[in-house]
**Student:** 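Shown below is the structure under consideration.
Start at 1 and go down the list; that is how both ligands and their atoms are numbered. Count residues from 1 along the sequence.
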Amino acid sequence: MSDQFFGLFERRQLQGSQALALGPSRPATIPCPETGRPLKVATVEVSDRAVCPACTQLGGGGYVSFVSDLRLAFACPTCRKLVWVAGA
Ligand SMILES: [Zn+2]
């Protein structure tokens, strides 16, 4: 059920709303959504108060940054997928 986040995060029910927790065995890389090539994960963070760039829901979410790649991925428990955000 956490496949959509590649094991980086797990979905949790928290007082009736969706939240995320860090997955217990996180991968070192996840595939690029465009090329499928592995992207090396740099940091993984969970936030209780984040706004999803896709559905604009305020709630729990997670951020993933990558080594040598300016994109960020936002894990949205409402969209149930990773939303990719272009880096600066
Ligand atoms: Zn969303």
Side-chain angles (χ1 to χ4, degrees):
M1 104 179 197
S2 59
D3 282 353
Q4 64 271 52
F5 299 133
F6 302 102
L8 292 170
F9 302 101
E10 309 183 307
R11 286 174 50 232
R12 295 268 167 86
Q13 289 280 1
L14 202 73
Q15 295 164 352
S17 65
Q18 300 283 350
L20 292 180
L22 293 179
S25 56
R26 297 187 297 282
T29 64
I30 65 171
C32 171
E34 282 154 32
T35 65
R37 116 190 125 83
L39 295 173
K40 200 168 180 189
V41 174
T43 62
V44 185
E45 275 177 48
V46 169
S47 170
D48 292 336
R49 296 183 63 81
V51 178
C52 171
C55 67
T56 68
Q57 285 283 327
L58 175 66
Y63 295 96
V64 188
S65 69
F66 301 94
V67 177
S68 305
D69 195 298
L70 291 177
R71 286 174 295 181
L72 290 173
F74 180 79
C76 176
T78 304
C79 298
R80 300 185 185 188
K81 63 176 184 181
L82 288 176
V83 179
W84 290 80
V85 184

**Student:** Locate the shortest heavy-atom distance separating Gly61 from Ala50; write the atom from each residue and the value.
**Tutor:** N-CB, 4.4 Å
**Student:** Hey, any chance Val83 and Phe5 share a hydrophobic cluster, counting ILVMFWY side chains that come within less than 4.5 Å of each other, even indirectly?
**Tutor:** no
**Student:** Got a sec, which residues hit side-chain hydrogen bond (donor to acceptor under 3.5 Å, both in side chains) with Arg71, two or more places apart in sequence or on another chain?
**Tutor:** Asp69
**Student:** Mind checking how many protein N/O/S atoms fall short of 2.8 Å from the Zn ion (ligand 1)?
**Tutor:** 4
**Student:** Does Leu82 form a side-chain contact (heavy atoms from CB on, under 4.5 Å) with Phe74? I'd like the steps, not just the answer.
**Tutor:** CA-CA 5 Å; Leu82 288 176; Phe74 180 79; over 6 Å; no
**Student:** Shared ILVMFWY cluster between Leu22 and Phe66, side chains joined below 4.5 angstrom?
**Tutor:** yes
**Student:** Would you say Leu39 ends up clustered with Phe6 if hydrophobic residues are merged whenever their side chains have heavy atoms under 4.5 Å apart, either directly or through other cluster members?
**Tutor:** yes
